[in-house]
Amino acid sequence: MPVWSVRETMAQLFSKRADSRLRLAIGFACAVLLLSCATGFALVRAGQTWAVGHPAEQPIPFSHAVHAGGLGLDCRFCHAGVERTADAGMPSAETCLGCHDRVWNVAAQFTPLRAALAGGTAVQWASVSRLPNHVRFDHAAHTTAGVGCVSCHGAVQEMPRTVRAETLSMGFCLDCHRDPTSGQPRAVETTTGGLPAGEAAFTPRPHGLRALRYRHFGVEVSPMTRCSTCHR
Amino acid sequence: MSDNTIPVAEAALRPGAWGFRLAMAAAGAGVVVLVASVAAVLVRGVAVWGNNIPHVWGFDLIAYAWWIGIANAASLFAAVLVLRRHGLRTAVNRFAEAAALAAILAAAAYPILHLGRPWLFLWTLPYPAYTGLWPQFGSPLVWDFWGIMSHVVVTSLFWFIGLIPDLASMRDRAARHGRMRAARAYGILALGWRGSVAHWHRHQAAYRLVAALVLPLLLWAQTVVALEFATTLVPAWHQARLPLHVVVTGLPSGLGVVLALAAVLRQALSLERYVDERDMDLLARLLASAGLAAGMAYAHELLVGFLEEDPTTRDALAARVFGGGAPAYCGAVLLSAVLPQLLWLGALRTRTLIVVPVGVLAAAGVWLDRWSIVVGGLLRDHMPAVGPEYAPSVAEWGLLGGSVALFAMVLLLFGRLVPAVSMFETRHEESETEAEREER
Amino acid sequence: MSAPPRRGPDSTPEPPQPAALAAGAHGPVERRDALLLVGASLALAALGGCDEAPEHGHPLHAPARAVDGAAASADYATVLELDGLARGVVVRTRGGHAVKLEGNPAHPASLGATDIFAEAAVLSLHDPHRSRRIRRDGRPVPRPMLDAALAGAREELVPRDGRGLRILTGPVSSPTLARVIGEVLAAFPEAAWHQHDPLAGDGAQEGAVRAFGQPLAVVPDLSRARAVLCLGADPLGDMPGHLRHARDWITARRDGRRARLIVAEAAPSITGARADRRIPLHPAEAEPFARGVAQALGVEGLAAAGTHPAAEIAAELMAAGPDALVLAGRREGATVHALAHAMNARLGSTVLRTLPHPLARPEPMAASLAALASAMVAEEVTHLLILGPNPAYDAPAALGFEAALRRVPFVLHLGARQDETSRLCAWHVPMPHELEAWGDCRAFDGTPSIRQPVTATLADEARGPVELLSALLGAPVTARAAVEATWRAIWAGRDFDAAWAEALETGVAGGAAVPLSLQLREGWDQPSPPMPAGLVAAFAPDPGTHGGAEAHEAWLQELPRPLTKITWGNAALMAPATLAELGLSPGDEVELGLEGRTVLAPCWPVPGHVPGCVTLPLGGGRRAGGPVGEGRGFDAYALRPASGAWTMPGLSLRSTGRRTPPVTADSHHQIDPVEAVRSVKPGGALPQPTRDASLHPDWPYPGHAWGMAIDLDACIGCNACALACQAENNVPVVGPLAVSQGRAMHWLRVDRYHHGAEENPASSFQPVPCMHCEQAPCEPVCPVNATLHDHEGLNVMVHARCIGTRTCSNNCPYKVRRFNWADHRRSLDTPARNPEVSLRPRGVMEKCTYCSHRIAGARSAAANEGRALQDGEVETACQRACPTRAITFGDLNDPGSAVSGARRDGRHYAMLGQLGTRPRTTYLARVAADEEPS
Amino acid sequence: MTQHPAFGLMAEFDDPEPLTAAVRAAREAGWRRLEAYSPFPVPEAAELLGVSAAPIGFIALGAGAVGAVLAAGTAWYVSVHVYPVNVGGRPLNAWPAFMPTTYLVAILWACAAALLGMLALNGLPRLNHPAFFARGFHRVSEDRFCLFLSAEDPLYDPESTARFLRGLSPLRVSEVRGA
């Protein structure tokens with residue numbers, strides 16, 4: 001037995017599989033990283049996050065499907081301010097009971113209304129489309145510029161219980177402010193029990209902001225996307 | 001040949017001495033203070049600090065600029081040694097790199113903490129947000145964000161590349177001691193390094209390449225911090241020379257810390273053999289010359305101020321140097337520029353009891369210089385003073401002390417868990433010197 | 001607000017307030033941090049019926065807004081009282097809540113402008129520390145008990161013709177209240193009516209009686225005057241009708257008919273700061289000086305020779321002839337007033353009107369109160385009705401009113417809050433806020449107005465004086481009924497309903513009083529003995545708290561006083577020289593002693609203050625009346641002599657060695673000519689710099705380009721703009737601690753500069769809002785695009801995007817940016833808040849927006865009507881409030897706009913223009929008087 | 001007992017010079033599949049083995065360029081096209097202000113690429129490697145210098161190769177065999 005042919009060998013610190021495990025672990029870590037980014041990206045844009053489709057607690061079980069859809073009432077019948085003021089306005093007890101004294105007078109359901117009428121207070125409607133405190137939204141400015149109700153509120157005439165139809169996130173507003181025509185088809189639908197007439201949609205107003213597009217360094221800059229246009 | 005770096009590895013593997021545990025405990029206590037001060041800021045907001053209008057920045061930016069300066073000077077120093085293949089590198093590279101890493105970690109927290117709404121710092125990153133908004137790439141603060149990020153990444157890369165072969169040594173040594181768990185841990189970190197000559201060749205190339213890239217990066221990172229001030233309209237800050245000033249006056253802090261660290265570690269881990277008198281001597285000279293450079297920067301500042309034509313700017317400098325800002329300014333000059341000149345005296349250079357305080361005081365002096373820029377720079381503005389003077393609060397002192405403790409703790413862990421000096425470099429050098437001896 | 005005042009159909013806008021909620025909710029409050037209190041307390045008021053739930057951040061579901069967007073907002077014209085006299089205001093309401101007050105252009109005492117006290121009325125309306133319950137010995141009792149008590153009182157009083165019944169009111173100009181008091185006095189012949197006003201100008205009353213045998217009001221016409229000598233008078237500051245006088249003064253100045261304003265005063269006033277010639281005059285010298293001028297003018301009937309050489313001034317007055325005018329201030333003695341009348345007579349001045357006094361019963365108030373006090377001490381008083389005033393606090397301490405009060409068996413206190421007096425009274429009845437109740441009162445020139453409620457009452461149990469007195473008479477009437485009755489009588493022969501409607505629409509119910517023509521009487525001059533030597537205590541109303549009556553207004557407490565810049569308190573003001581010779585440094589605590597009474601106060605230097613005299617601002621050191629005002633500064637009433645005199649020699653002053661520096665917004669004492677404010681010689685112009693070259697092409701602003709020009713020659717530093725801004729933009733109150741830390745939040749600050757000699761410097765004011773620079777330095781440094789330019793050149797701050805690096809403030813050379821060090825949203829989310837301006841969270845920057853919500857409002861209004869915006873259609877809050885119209889705002893692209901015109905003026909300049917920031921807010925240089933360094 | 005096939009033969013030296021000599025000899029003998037191990041860089045041996053580090057430089061350069069383009073491109077695209085805004089009256093494409101970031105990102109990428117490239121070229125991480133079977137191989141990380149001749153080389157023959165190696169006067173020659 002020659003001296004050199006010593007047979008003893010050292011044990012490996014790591015088994016053969018250790019390497020594949022290590023590579024797997026590294027790959028997995030990268031995958032997790034990418035995945036979490038993707039998830040976050042999707043999550044902040046998900047309707048769920050913005051309570052889309054969630055009905056709010058209302059004082060009385062009001063159905064837009066019946067009133068706007070079935071009866072074909074004009075939005076302005078209840079939301080009177082929508083063409084004149086920033087706030088579209090919510091119906092007062094008088095508005096409701098004006099009709100419901102005569103038709104479909106279900107006393108039990110209307111107690112909140114009667115209470116409001118008696119106390120001269122406002123009906124505590126819940127808004128499903130309230131924008132945050134730092135946003136200045138003017139209904140009149142939009143309706144008169146031809147943006148239909150449906151563009152933001154969805155097809156309320158098909159909603160038995162009113163829900164938020166769009167995320168109403170800043171991205172949502174920007175889509176339309178960057179390229180108003182993109183919203184046109186939606187606007188046209190609004191003629192059903194809504195406003196305004198489809199052909200009136202997106203005719204630029206004489207002093208509307210859209211008239212003020214200008215170029216700087218060859219880049220077209222639109223006032224529609226300036227902060228102060230929408231933010232307080 | 002016979003390996004002479006065994007004690008280094010042993011030093012790292014030896015169970016912690018009571019001194020080490022004591023130090024860790026002290027640092028730990030400091031870190032607790034840090035956590036408390038950070039919590040205070042996050043919960044109660046920046047109001048817990050002494051800031052006001054116009055002093056919107058105080059300790060936060062001072063400490064930030066200071067730590068960055070230490071990190072820069074330290075890794076600058078390390079990189080230069082690697083590139084020049086200087087003998088000193090074997091001795092102190094590892095300290096320098098570790099110190100740089102610890103400092104940058106301590107610094108990195110400030111840019112986020114000083115925000116009014118820290119949880120939103122992500123908005124400085126370019127990512128597709130649902131708001132459709134993006135960062136403003138022209139802002140010095142965005143530059144700074146990238147600066148600090150690259151700084152952290154590159155410094156740790158630099159440190160890690162140098163560490164790989166030594167981790168392999170640690171792996172084998174631990175295995176020999178039968179400490180298999182430690183061995184596996186080191187083994188994974190060593191990425192299976194087996195000392196192949198080919199690997200060594202590429203490793204050296206990468207190591208020196210990164211070292212080369214570190215130089216401009218560091219200079220620029222420090223410059224960006226200075227630009228945050230230089231790009232404003234504040235008379236005392238709106239200076240083309242400010243970046244240079246900040247870089248140069250930053251040198252004594254980093255070198256001072258490295259010097260003090262070397263002096264302490266060589267005693268604590270009994271590494272006199274690897275960090276010998278010559279190394280310490282050279283380090284001390286370097287600190288002295290850095291002080292000299294800083295001194296020149298100060299002189300230049302005064303000269304420029306003297307030649308300045310805009311009265312407001314001149315008044316601002318006067319207020320900072322001779323007026324209300326005088327204590328900080330003079331302190332900075334004395335500690336970071338004048339004091340290190342002591343080390344030209346050979347007798348003092350090798351005395352631990354001299355060099356450690358001098359190194360630490362030099363760093364403190366640089367802190368004073370940052371104060372004199374951030375706070376003293378606002379003594380005179382375009383408008384007459386519109387607010388009271390800046391007075392730091394307990395929370396801020398806690399933050400400063402805490403980050404020092406964090407720095408210490410990170411260093412302790414380095415000293416404990418990884419070789420304190422570069423083992424392979426040492427071997428290499430020793431063999432070379434042997435070879436020379438044989439030739440003679 | 002360009003909308004015409006609108007009258008509420010019925011004076012109860014929806015929704016009615018559950019006052020019980022608000023009243024029950026607030027319990028005892030500690031006074032640790034005013035900030036928290038203002039916050040917490042106002043939040044309570046919010047419970048009182050706000051139609052919008054507190055909403056911060058991003059609600060997914062929220063209560064609906066206004067039931068009908070259009071009806072949600074309305075404007076009401078009404079009046080507010082100051083010193084018992086009316087200033088007309090227009091109140092903007094949102095959802096039934098008063099959110100902002102603005103001047104009523106139709107009212108002679110406002111002309112569309114406001115003062116700080118008017119602006120702050122909204123805050124006190126919603127202040128939950130208001131009294132809301134009827135109390136007996138401090139405990140709430142049901143209303144019937146009060147009625148019973150009043151009935152009982154009547155039982156007792158009727159048999160003895162009301163002997164022992166005394167009524168104490170403030171100054172009364174209300175015809176209705178006067179009528180009802182008259183009825184009470186008729187029903188109870190033995191009863192007596194006393195008036196109390198700590199800030200009353202008794203000297204004026206007596207002086208008028210001496211000169212003409214009857215009290216009267218001298219109303220100057222500064223729009224025509226050529227030379228005006230003010231003997232301690234402050235026509236631009238605290239004289240009745242000051243808003244009107246300020247407007248007249250600047251109108252003349254703008255038309256190039258600068259009235260030469262000569263002010264002789266001890267402590268600098270804002271009129272003094274704007275004077276063409278200011279003469280620091282020791283109080284002891286006031287009368288000799290006036291006499292000297294009179295003598296030089298050749299006034300006959302002088303009982304003594306003038307000692308003070310004043311030929312020069314007399315000459316200036318003579319030069320102006322009948323266009324000259326002499327005014328004596330409320331704090332001057334009778335003799336000085338008499339001399340002033342005589343001088344005006346001698347000059348044959350045609351630029352003043354002598355009108356019957358607007359008060360129902362003008363009289364020396366101090367004497368009136370003293371009489372009551374002595375009667376009380378003599379136990380001649382069994383029933384005392386205190387209707388409004390707070391004598392326990394602001395009566396001269398020497399009078400011992402508190403002690404006397406304890407000797408009266410039946411004391412009823414009617415007040416808006418539980419104050420020092422109500423503590424000593426068996427009965428306390430809450431008084432309705434001026435914006436809640438019907439009433440009427442007269443302006444300084446006698447113009448009557450009807451006060452209408454603009455919001456439902458927040459305190460159901462509150463009852464006005466008229467209601468109480470009528471109840472005492474046994475014939476209870478509502479305030480509205482009483483007012484209608486009064487005016488039916490006055491308008492006899494007119495269509496009442498039409499007149500009533502018109503009065504409410506316009507806010508004015510008639511014309512000014514008819515001037516009197518009177519002859520100087522013999523022996524009008526009664527020289528007073530020379531004032532003994534020694535340090536003189538000069539009392540003065542605190543410009544922020546108006547003698548303490550407004551001490552509960554957090555906005556006013558935090559507002560830096562025009563000249564001293566002191567906030568949240570007061571201090572003993574003296575000349576820097578006096579301070580030096582006493583070896584004191586600013587902020588040292590001193591013990592002030594007068595007639596054996598002492599108080600502790602910090603001392604504070606005021607350049608231009610006359611030596612040998614210490615000014616003691618009245619209104620600090622409240623002991624009750626709400627945590628906001630309690631213990632702020634020191635109580636100077638404690639030193640005031642029983643005579644209620646304004647000046648008193650023999651003041652002792654001793655340092656206690658302690659330091660209690662007042663909270664001040666002024667961190668620089670140095671006196672130096674500052675580049676920020678410029679002035680030119682009359683008719684002069686500034687060198688207009690050529691537009692500085694820029695590296696890159698300018699951004700186009702094709703639509704509107706908003707800009708503001710501030711005329712420093714018109715600014716009188718009255719602070720109305722600063723407070724209007726605070727009210728309009730939901731600017732939080734931060735409290736004394738934060739102010740001392742330099743964390744005040746005012747979007748618009750008024751800088752005050754002194755230049756020239758410390759003894760008598762020229763002082764100038766400079767309102768500093770955001771400059772909206774076209775090359776804004778703040779924007780390129782923001783890492784997240786939270787501040788940038790919009791398409792009309794506004795430098796906008798997007799609070800929602802801000803992460804709070806504060807680097808924009810670093811880079812703002814004007815330092816107009818503010819940082820939210822704390823979260824103020826809860827404290828601000830009240831009905832008083834302006835719903836059109838967002839609430840800012842903690843950790844974000846904010847600043848002046850040029851009232852961008854007003855711009856947006858006007859823009860969409862115009863767009864909806866399909867027309868272009870007119871110049872002047874957008875008025876910022878500060879611009880609207882300014883009494884001298886110093887602020888012009890408009891479209892720089894429109895060459896015809898007022899602001900473009902201002903930019904073409906020779907006095908136009910940009911602050912720190914050399915920095916190349918191209919500010920949109922620019923200034924018109926002040927026109928210096930010849931003496932002034934320019 | 002069953003024998004694992006040998007991976008090759010490992011010769012152990014205690015100084016860099018003999019290793020270099022051994023490598024030279026092996027190369028001259030025509031060995032292709034051989035490896036050398038040392039506790040610190042031995043450039044001469046590396047040259048003999050024909051290793052080049054040049055690729056690392058190119059990798060770093062390329063990565064740096066990509067990083068730079070990416071950084072500058074993002075800044076430009078976002079501020080000019082995605083959401084153009086008027087920032088303090090500056091031009092939309094304020095390219096000088098974009099440079100600092102570009103520069104930093106370039107260096108960042110270059111450094112990262114240098115490390116990753118080095119690892120990739122070295123085939124690391126590789127925790128389990130035949131060399132570790134070699135007896136006393138752990139001392140390579142301290143003071144041993146090894147030459148390994150692979151069994152996969154056509155010249156390989158246990159007897160002759162061992163003889164050849166012993167001719168280089170190593171401390172020891174051992175067969176590397178899996179366990």
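Reminder, nothing fancy here: chain letters follow the sequence lines and each chain counts from 1. All figures in this text were calculated on a predicted structure; none of them were measured in a lab.
Contact of the D/Val85 side chain with the B/Gln136 side chain is not registered, since no non-hydrogen atoms from C-beta on lie closer than 4.5 Å. Counting heavy atoms from C-beta outward, D/Leu124 and B/Trp193 have side chains that approach closer than 4.5 Å. Within the 4.5 Å cutoff, side-chain heavy atoms of D/Ile107 are placed close to those of B/Pro216. Using a 4.5 Å heavy-atom cutoff, the side chains of D/Leu108 and B/Val154 are in contact. Under the 4.5 Å side-chain criterion, counting only non-hydrogen atoms from C-beta, D/Tyr83 is in contact with B/Leu133. Side chains of B/Leu191 and D/Leu119 form a contact here, defined as non-hydrogen atoms less than 4.5 Å apart.
Atom-to-atom distance recorded for B/Phe158:CZ and D/Leu115:CG is 12.5 Å, nearest 0.5 angstrom. Residue B/Ser196 holds its OG atom at 8.0 Å from NE2 of D/His129, rounded to the nearest 0.5 Å. Atom OH of D/Tyr103 sits about 14.0 Å away from atom CH2 of B/Trp143, to the nearest 0.5 Å.
Tested against B/His201 for a side-chain contact (heavy atoms from CB on, under 4.5 Å), the candidates D/Val51, D/Leu49, D/Ile56 yield a single pass: D/Val51.
Both the backbone and the side chain of B/Leu213 come within less than 4.5 Å of a heavy atom of chain D. With a 4.5 Å cut-off on non-hydrogen atoms, B/Leu157 touches chain D through its side chain but not through its backbone.
Ranked by heavy-atom pairs under 4.5 Å with chain B, the first of D/Ala94, D/Ala114, D/Ala71, D/Ala75 is D/Ala75. Most heavy-atom pairs under 4.5 Å with chain B: of the set D/Trp95, D/Phe98, D/Trp76, D/Phe13, this distinction falls to D/Phe98. With chain D as the partner, the residue from B/Pro126, B/Pro135, B/Ser150, B/Ala168 showing the most heavy-atom pairs under 4.5 Å is B/Ser150. Counting heavy-atom pairs closer than 4.5 Å to chain D, the top-ranked of the candidates B/Leu227, B/Val210, B/Leu217 is B/Leu217. The choice from D/Ala46, D/Pro55, D/Gly50 that makes the most heavy-atom pairs within less than 4.5 Å of chain B is D/Ala46. Comparing D/Leu127, D/Val23, D/Asn128 by how many heavy-atom pairs each has under 4.5 Å with chain B, the most go to D/Leu127.
Heavy atoms from other residues, nucleotides or ligands lying under 6.0 Å from OH of B/Tyr127 number more than 12.
Here the shortest heavy-atom pairing between D/Ser52 and B/Arg202 reads O-NE, 4.1 Å. Pairing each heavy atom of D/Tyr37 with each of B/Arg194, the nearest pair is CD2-O, 3.1 Å. B/Val197 approaches D/Ser38 most closely through the heavy-atom pair CG2-OG, 3.9 Å. Taking both residues in full, the closest heavy atoms of D/Ser79 and B/Phe137 are given as OG-CD1, 4.5 Å, listed atom of the first, atom of the second, then distance. Counting all heavy atoms, side chain and backbone alike, D/Ala97 lies closest to B/Gly138 at CB-CA, 3.6 Å. The shortest non-hydrogen separation linking B/Leu209 to D/Ala60 is CD2-CB, 3.4 Å.
The backbone N or O of D/Asn122 sits less than 3.5 Å from a side-chain atom of B/His199, completing a donor-acceptor pair. A distance-only check finds no donor-acceptor pair linking the side chain of B/Trp146 to the backbone of D/Val105 [under 3.5 Å].
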